[in-house]
Every structure is written in structure tokens, then in C-alpha cells.
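These notes are about the structure you will find just below.
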Amino acid sequence: MIRTDIIIIGAGPVGLFAVFEAGLMKLRCHLIDVIANPGGQLSEIYPKKPIYDIPGYPTVLAGELVDNLMEQAKPFKPGFTLGERAEKIKKQKDGCFIVTTREGTEHIAPVVMIAGGLGSFEPRKPIIQNLTQFERKGVEFIVKEPDLFMGKKVFISGGGDSALDWAIFFANQSNTSVGLVHRSESFRAHKDSVEKIYKFKNEGKLELYTNAEVVGLKGKKVLSEIEIEQKNGNNKIVKVDFWLPLFGLSPKLGPIVDWDLEIEKNAIKVDNTIDYQTNIPGIFAIGDINTYPGKLKLILCGFHEATLAVQAAYKIINPEKKFTLKYTTVQGIQGFD
Ligand SMILES: Cc1cc2nc3c(=O)[nH]c(=O)nc-3n(C[C@H](O)[C@H](O)[C@H](O)COP(=O)(O)OP(=O)(O)OC[C@H]3O[C@@H](n4cnc5c(N)ncnc54)[C@H](O)[C@@H]3O)c2cc1C
């Protein structure tokens with residue numbers, strides 16, 4: 001059981017900034033995210049896009065902002081449960097909440113902050129009849145632990161940044177054999193990545209199939225072969241250890257809708273006149289996932305919500321103590337040992 005002061009569901013920009021604000025008040029945080037990397041939409045949808053409306057940054061790339069938020073949170077040593085979806089929440093007699101992930105990891109804290117953005121990002125799965133038979137038995141939709149694939153034969157499908165980034169990563173590992181399958185000849189991924197893919201192909205470090213799709217999976221207990229259908233009619237059976245269909249992620253509000261929270265237009269209703277608490281005392285909702293009159297889905301607004309929510313969380317966690325707000329220049333950043 002992971003014990004902390006605040007369980008934050010969602011490691012997007014708003015969840016990450018909440019760690020910093022909580023740390024200033026000597027509260028520890030643990031973040032849960034279904035994605036294997038922190039950053040939410042910024043990492044998953046637009047890491048290379050510039051953002052122009054973060055105060056103090058005339059321009060910053062989304063990926064850089066995530067790196068900076070991680071750096072800012074670092075002194076407060078947040079815990080992370082990544083690659084797991086928060087599935088259930090249960091209130092205990094003492095007022096604490098237990099949040100359990102789909103994978104079974106349990107977390108306990110007196111306060112929960114839902115910073116789930118547009119919802120949990122779920123992988124877009126290809127339509128192949130026996131796909132479920134091989135899920136986690138050779139078919140993986142996210143790369144959580146790259147070590148799992150080292151020394152193996154890995155085939156990746158997809159034409160976006162995630163597919164190409166991982167194909168490049170594995171092509172750079174001398175002990176790992178990698179192939180990339182894409183249904184067209186043009187790629188959505190960054191131009192530099194596409195150039196690298198063709199360079200690796202020419203150097204014999206990567207097998208490339210364009211105008212092609214994986215249409216069949218075979219294996220006894222685990223995946224051992226994929227069938228590649230090519231537009232030129234030369235279908236191929238390839239022996240593999242892993243197939244990674246990386247077709248992007250689509251957000252779903254998911255299990256949160258069953259947590260007895262007041263939901264309006266696919267978002268969680270909060271009281272914005274005080275502290276962004278939901279209808280369940282002790283559960284807050286901050287960032288894109290909440291709604292209230294005048295709500296704006298902007299990073300800046302999520303940062304403000306996180307700051308106020310953490311003040312209220314402090315009172316729940318330390319009912320007998322009074323916290324006096326001091327500027328960070330006065331009190332400094334006193335991280336956790
Ligand atoms: C193309 C694009 C451009 C944008 N440009 C700007 C801009 O220039 N400026 C600006 O201010 N905003 C911009 N936005 C909006 C901005 O990205 C969002 O406001 C911001 O990402 C919200 O942050 P968040 O932390 O609330 O949620 P998110 O970034 O959505 O992160 C939420 C995280 O929660 C996780 N999660 C959800 N449910 C669960 C669960 N049950 N279990 C585990 N994990 C879960 C998700 O996987 C996700 O990682 C843009 C958005 C897009 C799509």
C-alpha cells in the first residue's frame with residue numbers, strides 16, 4: 001500500500017504543478033497516470049508545439065514545459081505509479097481514500113486530487129480478431145519498460161511520433177532487432193524522425209514495410225508470428241517476439257464516471273467559489289477535468305486551481321494547524337530529504 005498526503009490522479013501539467021504547491025506546504029504527493037510518461041496532453045499530443053500563454057515564457061515547447069515542471073517538483077520527491085489506470089476509489093472509516101489501479105496497486109491518502117484532463121488516454125487498438133488473446137503476451141500498446149524488449153525481435157506499427165521514436169530507439173540498440181510497418185508512404189511523425197528511419201533502413205538496422213498493415217497474429221501461448229499484408233500483394237509472415245501497434249491514444253473519462261462524483265458535460269463539477277472540491281469532501285478536481293461557471297481549459301487556469309486546492313487540502317490533512325502563506329523568496333524551497 002502506497003501511503004501519502006495527496007494522491008494525484010493524472011500526471012499532466014496541472015497534476016505536476018500541484019506537487020510543487022503541495023511541497024511548499026510540506027505535503028507529499030503520489031501521482032498515478034495511465035501513460036508511461038508524465039506530461040499529459042503536452043507529452044502525448046503536442047510535445048514539439050510552442051505554447052505562448054505561460055506567464056514568464058514568451059514561448060516554450062510543450063515538452064520543455066513538462067521537463068521544467070518535473071524539475072520544479074523534484075525537491076518534493078513525488079512518487080509515481082505510471083502506466084496504470086486509477087480504477088476504484090473507496091472511502092475508509094477514518095476519512096482516508098484508497099485508490100486502486102486496474103493493475104492492482106493500492107494507494108492511501110486523506111486527500112485525492114483528480115487532475116485527469118480529458119480523461120485517461122487509452123490506446124487506439126487495431127481490429128484484429130484474436131488481438132485480445134495476445135495482449136500482454138507479445139502485443140503491447142505502450143512501452144512502459146524498454147528493458148522488456150532488449151535482445152528481442154520487435155515489430156512496431158504506426159506512422160506517428162510515438163511509433164517512429166520507439167523504432168529509432170530500438171534500432172539504436174545493438175542487441176535488438178526492429179521492424180516498422182506503416183499503411184502509407186507518408187508519415188505524420190516529425191521530418192527528422194522519418195529521415196532517421198530511412199537512414200537506419202539503408203544501413204540495415206531496421207526493416208521497413210510501407211503501404212502495409214499487420215492483419216494477423218499467430219502463436220501458441222504467446223505471440224510468435226505476425227502476418228503483414230502489403231498493397232503490392234506480397235504478403236509476409238514474420239517471426240517476432242513483440243508487436244507494438246502504436247496508433248496513438250484517445251482520451252476517455254473512464255472509471256471516474258462511476259465514483260459518485262457530480263458530472264456535467266463530461267467533466268467533474270467543482271465549487272470554484274472556494275477550493276475546487278467536488279461533491280465528495282476530500283476529493284478535488286483540477287485542470288481540464290473540472291467544470292464550473294466560466295471554466296477555461298488552459299494550463300494557466302489549472303495552475304491557479306491547483307494552488308487553491310492544495311491550500312484547502314492542507315486544512316483537511318492538518319485540521320489543528322494554521323498555515324501562513326509566505327512568498328517562496330522568503331521561505332525558500334525546502335524540499336524533502
Ligand atoms: C493541440 C493542443 C494545443 C493546446 N495548446 C495550449 C496552449 O497553447 N496553451 C494552453 O494553456 N493550453 C493548451 N492546450 C490545452 C492544455 O493542453 C490543457 O489545458 C492541459 O493539458 C490540461 O492539463 P491537465 O493536467 O488538466 O490534463 P492533461 O494534460 O489532459 O493530463 C491528464 C492526465 O491524466 C491521466 N488520467 C486521466 N484519467 C486517469 C485515470 N483514471 N488513471 C490514470 N491516469 C489518468 C491522463 O492519462 C493524462 O496523462 C492545448 C491542447 C491541445 C490538445
Side-chain angles (χ1 to χ4, degrees), residues 7-21 29-66 69-70 73 79-89 97 99-107 112-124 141-142 144 160-162 188 248-259 261 263 266-268 270 276 283-292 295-307 309:
I7 297 166
I8 301 177
I9 299 172
V14 176
L16 291 175
F17 189 64
V19 173
F20 175 78
E21 285 295 330
C29 297
H30 189 97
L31 298 109
I32 305 173
D33 206 302
V34 68
I35 308 176
N37 307 304
Q41 295 172 53
L42 284 67
S43 304
E44 284 309 308
I45 305 179
Y46 60 99
K48 306 267 165 65
K49 186 187 91 73
I51 305 177
Y52 302 107
D53 53 356
I54 302 297
Y57 286 96
T59 173
V60 60
L61 292 180
E64 271 170 27
L65 181 61
V66 173
L69 286 164
M70 287 291 283
F80 287 95
T81 300
L82 295 176
E84 299 190 21
R85 186 171 86 171
E87 194 74 18
K88 283 188 261 167
I89 189 163
F97 296 93
V99 176
T100 311
T101 64
R102 185 167 45 185
E103 291 70 12
T105 313
E106 291 185 314
H107 312 75
V112 174
M113 286 200 185
I114 306 176
L118 302 174
S120 68
F121 285 101
E122 297 293 322
R124 288 200 181 90
F141 300 105
I142 54 170
K144 192 175 168 190
D161 278 314
S162 177
R188 268 180 298 114
L249 300 160
S250 69
K252 292 201 170 57
L253 209 46
I256 293 170
V257 287
D258 301 321
W259 291 358
L261 296 162
I263 306 279
N266 229 17
I268 303 170
V270 290
Y276 303 94
I283 304 184
F284 296 76
I286 52 177
D288 276 13
I289 199 143
N290 73 14
T291 184
Y292 53 84
K295 167 73 185 177
L296 287 179
K297 289 190 181 187
L298 286 175
I299 299 164
L300 161 84
C301 300
F303 288 170
H304 165 80
E305 294 163 11
T307 310

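Just so you know, these numbers use all the heavy atoms, side chains as well, and skip hydrogens, waters and symmetry mates. In each ligand, atom 1 is the first atom listed, and ligand 1 is the first ligand listed. Along the sequence shown, the residues carry numbers beginning at 1.
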Do the two ring centres, one from Tyr276 and one from Phe284, sit under 6.0 Å apart?
-> no
Against ligand 1, does [X] come closer than 4.0 Å with any heavy atom?
X	answer
Ala115	yes
Glu87	no
Lys49	yes

Distance filter under 4.0 Å to Ile51 heavy atoms, resulting ligand 1 atoms | 7 (C), 8 (O), 9 (N)
Give yes or no for whether the N/O distance cutoff of 3.5 Å, strictly under, is met between Ile286 and ligand 1.
-> no
Could you pull out, from Asp33, Asp288, Ile289, the option with a heavy atom nearest to atom 48 (C) of ligand 1?
-> Asp33
Of the listed options Gly117, Gly119, Ala285, closest to atom 46 (C) of ligand 1 (non-hydrogen atoms) | Gly119
Ligand 1 versus [X]: contacting region, heavy-atom distance under 4.0 Å:
X	answer
Ile54	neither
Leu118	backbone
Gln41	both

Could you verify whether a donor N or O on one side chain and an acceptor N or O on the other, from Asn37 and Glu44, lie under 3.5 Å apart?
-> no
Thr101-Glu87 side chain donor-acceptor pair, cut-off 3.5 Å = no
